[in-house]
Amino acid sequence: MKLIRPETVTDTIFQSSDVPEADYSAWAGGTTYADGDRVIVTTPNIHKIYESQQAANTGNDPTTDDGTWWLEVSSTNRWKLFNGIVQEQTEQAGGMEYVLQSPTVVNSLALINVDCGEVTVQMVDATEGTVYDETFSLISDSGIQDWYAYFFEPIVRDDRLAIFDLPPYAGADITVTFTDTGTAKCGALIIGQFADLGFSQHGASFSIIDYSTKTTDSQGRVTITDGPYANKLEVDVVLDTSAFGVARSVLTDLRTTPVVWVAEPDNRNSIVYGYYREFDIILSNPTTSRCSLEIEGLV
């Protein structure tokens with residue numbers, strides 16, 4: 001069981017992107033806005049869209065307003081994949097590229113709620129040059145057991161990816177390129193350092209929490225309103241008893257932080273991005289112990 005402790009992407013870490021930040025006109029203090037007008041604010045570490053709530057709206061700063069004049073709509077398209085709301089996707093026709101540079105050591109990366117053909121990850125150090133350059137296909141081969149399935153089953157894409165073999169560099173440029181013939185989309189781009197809790201055991205339970213609603217009228221007719229869903233993972237992990245203190249400390253520190261959890265690094269379907277609801281560590285014997293985790297995903 002691995003997890004990625006995410007690093008918050010700020011304007012300092014963000015270097016560049018070919019996704020324009022031009023969803024609407026930038027807010028200007030001297031402009032009068034009508035009810036329903038939308039603007040963007042692109043000052044450092046804000047990057048959001050706001051909608052005017054009244055006519056004759058002049059000189060009211062959206063970033064400090066209490067909701068009387070402005071309503072926060074969402075992050076700008078360029079920054080949606082960093083805002084923590086994985087259901088909102090950054091998207092661009094033909095693909096997109098992001099360059100990040102962290103001042104701390106980064107050795108892992110994850111993409112959540114991603115929709116594109118392939119992703120290329122490159123890491124370039126100012127002194128040593130290119131130290132990582134890999135391309136990952138997101139076309140899933142799950143369920144393809146014979147030639148008939150290969151030719152006639154619908155093409156399915158993996159919607160998540162986790163990478164744990166980035167060289168541990170600080171200050172290197174990390175370039176993530178999303179390639180697609182249509183529109184590339186991504187709900188979260190996460191960089192950070194991974195932690196290894198131990199060995200996931202057979203019998204892990206993967207399920208979903210469905211937020212769709214079902215209503216029945218007086219005639220017994222059922223109407224289903226499609227809604228979002230979240231993944232859920234219940235897994236037992238065996239760890240060295242000597243690592244009990246480290247595991248407990250890591251999990252305690254992450255109790256309010258959404259984390260990338262990977263039960264099986266070679267299986268993308270075992271990736272869950274979310275919070276743990278509870279954990280139990282049982283000191284089984286002097287050599288090994290067991291940790292039970294219940295993780296609720298955000299998507």
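Both backbone and side-chain heavy atoms feed into the values below; hydrogens, waters and symmetry mates do not.
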Does [X] use its side chain to pair, donor to acceptor, with the backbone of [Y] at less than 3.5 Å?
{"X": "Asp18", "Y": "Glu97", "answer": "yes"}
{"X": "Arg255", "Y": "Thr252", "answer": "yes"}
{"X": "Asn45", "Y": "Asp11", "answer": "yes"}
{"X": "Ser108", "Y": "Gly192", "answer": "yes"}
{"X": "Asn107", "Y": "Phe194", "answer": "yes"}
{"X": "Gln92", "Y": "Gly95", "answer": "yes"}
{"X": "Asp240", "Y": "Ala243", "answer": "no"}

Going through the checks in order, is the side chain to side chain contact (heavy atoms under 4.5 Å, CB included) test met by Thr90 and Phe82?
CA-CA 9 Å; Thr90 294; Phe82 300 125; over 6 Å; no

Exercise: do [X] and [Y] side chains pair donor with acceptor under 3.5 Å:
{"X": "Ser52", "Y": "Asp35", "result": "no"}
{"X": "Thr241", "Y": "Ser289", "result": "yes"}
{"X": "Glu118", "Y": "Thr135", "result": "no"}
{"X": "Thr120", "Y": "Thr177", "result": "no"}

Would you say CZ of Phe164 has more than 12 non-hydrogen atoms from neighbouring residues, nucleotides or ligands within 6.0 angstrom?
yes

Please check if [X] and [Y] belong to a single hydrophobic cluster, counting links between Ile, Leu, Val, Met, Phe, Trp and Tyr side chain heavy atoms closer than 4.5 Å.
{"X": "Leu197", "Y": "Ile4", "value": "no"}
{"X": "Ile271", "Y": "Leu138", "value": "no"}
{"X": "Phe178", "Y": "Ile174", "value": "yes"}

How about [X] and [Y]: do any of their side-chain heavy atoms sit closer than 4.5 Å?
{"X": "Leu166", "Y": "Val106", "value": "yes"}
{"X": "Ile13", "Y": "Ile191", "value": "yes"}
{"X": "Asn113", "Y": "Arg160", "value": "no"}
{"X": "Thr76", "Y": "Ile49", "value": "yes"}
{"X": "Val121", "Y": "Glu134", "value": "no"}

Under 6.0 Å from the six-membered ring centre of Phe206 and within 45° of its axis: does the NZ or CZ of Lys232 meet both?
no

If you compare all heavy atoms of Tyr275 against all heavy atoms of Leu298, which two are closest, and at what distance to 0.1 Å?
CE1-CD2, 3.7 Å

Would Arg38 and Val73 count as a side chain to side chain contact (heavy atoms under 4.5 Å, CB included) if you check the C-alpha gap in whole Å, the side-chain angles of each, and the deciding distance to 0.1 Å?
CA-CA 9 Å; Arg38 289 190 174 187; Val73 177; 3.7 Å; yes

Chi angles and distances behind the ring-ring contact (aromatic ring centres under 6.0 Å, His included) call for Tyr33, Trp69:
CA-CA 10 Å; Tyr33 297 97; Trp69 293 97; over 10 Å; no

Please determine whether a side-chain nitrogen of the Lys or Arg among Arg157 and Asp180 lies less than 4.0 Å from a carboxylate oxygen of the Asp or Glu.
yes

Taking the basic N atoms (NZ, or NE/NH1/NH2) and the acidic carboxylate oxygens, is any pair closer than 4.0 Å for Arg277 and Glu296?
yes

Tell me whether the rings of Trp79 and His47 are parallel (<30°), tilted (30 to 60°) or perpendicular (>60°).
parallel

Start with the C-alpha gap between Asn60 and Trp70, add the side-chain angles, then the distance that decides, and say whether side chain to side chain contact (heavy atoms under 4.5 Å, CB included) holds.
CA-CA 8 Å; Asn60 300 295; Trp70 294 100; 3.9 Å; yes

Can you check side chain to side chain contact (heavy atoms under 4.5 Å, CB included) on Asn77 and Glu88, steps first, answer last?
CA-CA 9 Å; Asn77 184 46; Glu88 296 181 354; over 6 Å; no

